[in-house]
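One structure is given below, encoded as structure tokens.
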Amino acid sequence: MSAAPAYSEDKGGSAGPGEPEYGHDPASGGIFSSDYKRHDDLKEMLDTNKDSLKLEAMKRIVAMIARGKNASDLFPAVVKNVACKNIEVKKLVYVYLVRYAEEQQDLALLSISTFQRGLKDPNQLIRASALRVLSSIRVPIIVPIMMLAIKEAASDMSPYVRKTAAHAIPKLYSFYLSLDSDQKDQLIEVIEKLLADKTTLVAGSVVMAFEEVCPERIDLIHKNYRKLCNLLIDVEEWGQVVIISMLTRYARTQFLSPTQNESLLEENPEKAFYGSEEDEAKGPGSEAAASSALPARKPYVMDPDHRLLLRNTKPLLQSRSAAVVMAVAQLYFHLAPKAEVGVIAKALVRLLRSHSEVQYVVLQNVATMSIKRRGMFEPYLKSFYIRSTDPTQIKILKLEVLTNLANETNIPTVLREFQTYIRSMDKDFVAATIQAIGRCATNIGRVRDTCLNGLVQLLSNRDELVVAESVVVIKKLLQMQPAQHGEIIKHLAKLTDNIQVPMARASILWLIGEYCEHVPRIAPDVLRKMAKSFTAEEDIVKLQVINLAAKLYLTNSKQTKLLTQYVLSLAKYDQNYDIRDRARFTRQLIVPSEQGGALSRHAKKLFLAPKPAPVLESSFKDRDHFQLGSLSHLLNAKATGYQELPDWPEEAPDPSVRNVEVPEWTKCSNREKRKEKEKPFYSDSEGESGPTESADSDPESESESDSKSSSESGSGESSSESDNKDQDEDGEKGRSSESEHSEEEGKKRKMKKRKKVPEGQEGGSSSDEGSDSSSSSSESEMTSETEEEQVEPASWRKKTPPSSKSAPAAKEISLLDLEDFTPPSVQPVSPPMAVSTSLAADLEGLTLTDSPLVPSLLSPVLGVGRQELLHRVAGEGLAVDYTFSRQPFSGDPHMVSVHIHFSNSSDTPIKGLHVGAPKLPAGISIQEFPEIESLAPGESATAVMGINFCDSTQAANFQLCTQTRQFYVSIQPPVGELMAPVFMSENEFKKEQGKLMGMNEITEKLTLPDTCRSDHVVVQKVTATANLGRVPCGTSDEYRFAGRTLTSGSLVLLTLDAQPAGAAQLTVNSEKMVIGTMLVKDVVQALTQ
Amino acid sequence: MLDNGFPLATESNILKELIKPPTILRTVVNTITGSTNVGDQLPTGQLSVVPWRRTGVKYTNNEAYFDVIEEIDAIIDKSGSTITAEIQGVIDACVKLTGMPDLTLSFMNPRLLDDVSFHPCVRFKRWESERILSFIPPDGNFRLLSYHVSAQNLVAIPVYVKHNISFRDSSSLGRFEITVGPKQTMGKTIEGVTVSSQMPRGVLNMSLTPSQGTHTFDPVTKMLSWDVGKINPQKLPSLKGTMSLQAGASKPDENPTINLQFKIQQLAISGLKVNRLDMYGEKYKPFKGIKYMTKAGKFQVRT
């Protein structure tokens, strides 16, 4: 390379500083700095046959492009070098071509033949790079060539070339959006072909192409779904991100929502499915438990493919790439059953250690998640504590998360943390902290006064911004309970002398005006002062002064008449037209005149109407409709190209579309086995969906045909989701619990006539099922009966004669239990309570019952008797009672279903009964009952509403509205109603109990009174107090009960160890310590009374 | 490396192979031979089953070094009690082995690692079942795994800070006193201690005398930093003196937080210990080494 220095020496001497472009040393570092007007030297260099000169020239040209200089006039000179042997020069020429080919299309065509040759090169790397550049050149004429090249490359031997082909597809698609549909179809064909590729290298790229070109063709994924799930872990990281987000969308369209069920045994669907078989091996005792447990479960069974996806993505939570972790987190959040979402918390908390940009994105998502699933992040509360070195945005997001996570138990620590934050130097952050304290105060009633006191103390802070922010928050808090806080309002009134921040001044004035009757002496004085300084105030303050004046005029016109007039006159000549308008408007309203008489009569109503307290909500509350982890979520606005995450389907599409004829992965054999096991399930649903053939066709043979070509069951089914559930239920019962089944049939017949409400509860989806229920459900009985006999030829069952179906249900069950289920050693007398609980649950599962209409059946399980919601005197003839029915609320499993009984004892009909304006503490939500149009005198009616108490015993306050009146009512649940029974075996119970020791265990000693020593009474009392399920137990003087809280699904385990002498020990194990403590108290009370 | 906006390769080993990082030797060689740092061909690893390792690696000295580095993130409150503390650990490796070695690394106490993220080379299944790290390492430096120990009682805080920072309302002087001392160090010395603190805006200047090390105060950014060095348990380092405050202004409400940096060699504060490293798949005997270190991460003391 002696040429280069020589060259530079020759020219370098003559080149003065004034002519930098020519003869500049190409090897020196200065090539990037000078500006070239003409490129003769470059052309010359490109024309030489020395690679090093060419290379230097190309470097300079690319540098020019990078700096935004136009280098297009060099095009012919550059294009010649496309055939250069030197790979480095070639690469740079490619870069140049990609940039300028669009402008000089004719010349660019010269280079195409080189690429075409490159596409046939034996070296896969050259083939790939030729394709990459060819597809990057935006010249419309070559579209057919590109199409051909992509098609060829898609079947290349080398996966690397196939990968490049996959990358080329979206380029072609996006550059030429004008592609006619035929060409698009061709591209989709290529994608389809590449999707079938089995190498990990290709998978990520082709899914990316799929997402770009045809995200709506979800049908292309079916056949590859399982393969993608299994390959996922080996795909490179960026591919994983794309695949995971695509699979999220796919799963949303193909599987049923896992959150619609009771979340009891979903952890292990297979086990639940065949629970009875497994339990049979364990022993008859556990079988009894299992068989009574199964019908209590709602019939949701996770699709095995859905499970496959969750199982295969879980390890990726430990990926080192934050993007992958985030993608898996959003997948779990959107797809996993509630009990399993928790696993992502740990990984997300780990990401918080990363760069502040990553932190920002993660915290945004955590903030959204923590609103919906608070329990998930609660253990990691301390990881969100704020450091003084965090940037302000991070601080504010962490604060948001901390506020969302605050609850009754951790609020003291959170508030203590907040206290240190208030003394931070970062004033924006301090302001946000004060807002956060305000939100905690509104959400958690217990600390409201503490917070308020703390905020009042802040009023004497030296920093004005802090004071101002406190005033604004105090104003909001006071609005919730103004009566008790006259003192604070007085204190605030004094502050008007000092505070200068307009927003705070305005807030104080508003408060004084609104609650002027609480501070009757101070209010006029404040107005006097404000009138004095009126002209110097900010606009927002002026408006509030007018407001205050008007309110005072209405309540205390004697003292303030002149002042008000003075203020209004001042405002009349204000510079701001808003204020002038307001003054004019106010004057007309409050000062009676001839024309405005009609309005001024109502002035008091207008100004002093009771105003609802503001709701302090998280700004992340409504963000969860955006897919987590997406740009749109981050911006809280729909970004271009954002695809809505589809809702869960009502009814699962046919799962068999994912079956592949030639199974090639290891799991397949398992799956096939499972399929076989599932046959009864399919055959059953099939039998029902074809209404004519169900009774006489052989379920066994049908199921076989089903598993192969089961499109029938998916498409042919006209029935709705609830229908489906019924079938599933029946199917399970057929295999698991015959005794229940037989009695249930007896019940079913009885209840068919009464069945009205369940359809409404089901969301009105099962319209036709209701109309011809008599025929279809009798058929279903038939099928499930035959089913039973064929699938499980259990010998003992022959003992129970079919005729016993007509016998009274409860009695029959205890009989069955005695003979068949309960081992003689354990529980000589089966407690009727436990049985009837399971019976009730059983019937609920069927969605055939309607408890208020069959009170005789269900009364034993109603834990709490009727409680009064509205007395008939207060309600002007309308009396309202409520009971906790202990049935799962059909709309939302987290809701406690409450039956409301209305009776009209007045002599006029009451019309339009409905729930209005619920004012609910955070987290609590209400599913209102449908409006009752009219209630005739003397008549009574019942409605069902659901309340999600969020695992707290806070009261749900709402209004009960009739056409004419509104009554404020509140329902406070006893702690025992916040849970639902869980059925588990003794071993399971012990295992779970072992996990909930220490802090989570609450023990209480008590003495059982004589009246309360028998099994029967104890069990009844416990189950009456709390909605728990009995767990079978080896020893006779121990009682075990298990349940799950409705909202968070945490286990509640209750053990009562009774000594013969009457001494007893009660133990409750629960994650929710508050609930545990309260439950112990309630149960002890119930037992000792 | 991107193609049409879609990220292709972000693995640093691959990028380094594409464009070799400049070294002095290479610059010299390049000027003589006229070659460049740009690799001639695409990394071959891209096409193999182990995309993170290139083929045909050769070394004369075969060696594998592992550094276990733990960082303590903690917030200590005014009274010296720990508000939150967690350990962020990483195992960085420098592996220079010939051929395609298959390594297994086992720990004495793998249960400590409850939240882990791995380099893609680690076989996840093996970790799940046996708690053993089994992997074909990339060539050169890489981060094998990072972990997180958050159980508070497991986190020993190796230093304490005694502080007395007070502003008086009347005078324009404030008192400032900091002492740093070792707490639970398992007999190791604490090195490289630096203390830094963002002083409130009202502080104009500080006149301080350290018992050891050097200190600086930047009156513009109000940043105080004190380079302590080693802590000698017999003679604890301290920094004492006065602050001059803005005359007339009221005393600042906030007290500064103290950020601490330190290093402890040959100690992993979580107690993590590597048990053994085995190599399969190659014949030679590599030289193995392991080093432990504990550092302060985001270590803050509130005053």
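Quick note on labels: first sequence line is chain A, next is B, and so on, each numbered from 1.
Shown here for A:R387 and B:A74, the closest heavy-atom pair between the two residues is NH1-O, 3.3 Å. Taking both residues in full, the closest heavy atoms of B:P256 and A:M425 are given as CA-CE, 4.2 Å, listed atom of the first, atom of the second, then distance. For A:R423 against B:T303, the heavy-atom pair with the smallest separation is NH2-O, 4.1 Å. The two atoms that bring B:S117 and A:S319 nearest to each other are CB-O, 3.5 Å, heavy atoms only.
Here the CG atom belonging to A:D234 is positioned 12.5 Å from the CZ atom belonging to B:F124, to the nearest 0.5 angstrom. Distance check, rounded to the nearest 0.5 Å: CG of B:D115 to CD of A:Q318 gives 7.0 Å. Separation of atoms OH (A:Y385) and CD1 (B:I75) is listed at 8.5 Å; rounding is to 0.5 Å.
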Hey, mind stepping through A:T420 and B:K78 against side-chain contact (heavy atoms from CB on, under 4.5 Å) and telling me if it holds? CA-CA 10 Å; A:T420 44; B:K78 210 174 180 152; over 6 Å; no
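Of the atoms belonging to A:I386, it is backbone heavy atoms, and not side-chain ones, that fall under 4.5 Å from chain B. Using a 4.5 Å cut-off between heavy atoms, A:T389 touches chain B through backbone and side chain atoms alike. For A:V242, the part lying under 4.5 angstrom from a heavy atom of chain B is the side chain only.
A:R353 and B:E86 are not joined by a salt bridge, as no carboxylate oxygen comes within less than 4.0 angstrom of a charged side-chain nitrogen.
At least one side-chain heavy atom of B:P120 sits under 4.5 Å from a side-chain heavy atom of A:E237.
Interface summary for chain A: among B:R302, B:R143, B:H148, the most heavy-atom pairs under 4.5 angstrom belong to B:R302.
For the residue pair A:S388/B:Q300, the side-chain donor-acceptor check at 3.5 Å is satisfied.
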